[in-house]
Amino acid sequence: MIHLDTNVLIYLPQWARDGHPVLERIAAGEPAAVCAVVWYEFMLGALSDGEADLARALVQGRITPVTEAEALLAVRLFSATGRKRQHRTDTLIAACAIRAQAEFLTANVRDFRPLVAHGLRLASVA
């Protein structure tokens, strides 16, 4: 299982055109999912025709809810990584991937790298 960050959904049309390796993994049978926070952020964006449909086809309904368990883990991650305001949402997204025991794919590795020490498994975008 691979959980996707918002920026991955944003890049999806370009990656589909370019034949990105991550899409090859998914086409080969590895399931892709997003947490509800990622889906919310993505749907808030200025989407072009077909972008939401492409993302829906990729995740096939695998939108992970945020439960109390994810919220509590996110609080621990937030505290463990210095309580930086800009990481509030990132820690919630990371908590969903950790609890799902999934790799996490983001184009913004720098912001998520501190969470690796706390159980986040980053996937490569290359």
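The first residue of the sequence shown is numbered 1, and numbering continues consecutively from there.
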Residues two or more places apart in sequence or in another chain: which of them pass side-chain hydrogen bond (donor to acceptor under 3.5 Å, both in side chains) with D111? N108
So E41 and I93, side chain to side chain contact (heavy atoms under 4.5 Å, CB included) or not? Walk me through it. CA-CA 11 Å; E41 286 181 334; I93 291 168; 3.8 Å; yes
Work out which heavy atom in C96 is nearest to a heavy atom in V66; give both atom names and the distance. SG-CG2, 3.8 Å
Through direct or indirect side-chain contacts below 4.5 angstrom among Ile, Leu, Val, Met, Phe, Trp and Tyr, which residues connect to M1? none
For a quick test of your reading: what N or O donor-acceptor pairs under 3.5 Å do the side chains of residues 112-121 make, sequence neighbours left out?
unit_1	atom_1	unit_2	atom_2	d
R121	NH2	Q101	O	2.8

For A95 and A74, work out which heavy atoms get closest and say how close. CB-N, 3.7 Å
Rounded to the nearest 0.5 Å, what's the gap from CG on L12 to CG on N7? Could you check? 11.5 Å
Same apolar cluster (I L V M F W Y, side chains within < 4.5 Å links), M43/V34: yes
In short, salt bridge (Lys or Arg N to Asp or Glu O under 4.0 Å) pairs touching residues 58-76 with sequence neighbours left out are E70-R99
By side-chain hydrogen bond (donor to acceptor under 3.5 Å, both in side chains), D90 pairs with (sequence neighbours left out) none
Members sharing V75's hydrophobic cluster (side chains within less than 4.5 Å): none
List in chain and number order the residues that pass side-chain hydrogen bond (donor to acceptor under 3.5 Å, both in side chains) with T91, two or more places apart in sequence or in another chain; answer none if no residue qualifies. none
What side-chain donor-acceptor pairs closer than 3.5 Å can you find for residues 21-29, not counting sequence neighbours?
unit_1	atom_1	unit_2	atom_2	d
R25	NE	E30	OE1	2.8
R25	NH2	E30	OE1	3.1
R25	NH2	E30	OE2	2.9
R25	NH2	E103	OE1	2.5

Qualifying ring pair (Phe, Tyr, Trp, His ring centres under 6.0 Å) pairs with a residue from residues 40-71, counting only residues at least two apart or across chains: W39-F42
Which atom pairs, one a donor and one an acceptor, fall under 3.5 Å between side chains of residues 80-88 and the rest of the protein, sequence neighbours left out?
unit_1	atom_1	unit_2	atom_2	d
T81	OG1	L77	O	2.7
T81	OG1	F78	O	3.4
R83	NH1	S79	OG	3.0

Could you tell me whether the side chain of V38 reaches within less than 4.5 Å of the side chain of L4, counting heavy atoms only? no
Which pairs would a plain distance check flag for residues 48-56, meaning a side-chain donor or acceptor within less than 3.5 Å of a matching protein atom at least two apart in sequence or in another chain?
unit_1	atom_1	unit_2	atom_2	d
E51	OE1	S48	N	2.9
D53	OD1	R56	NH1	3.2

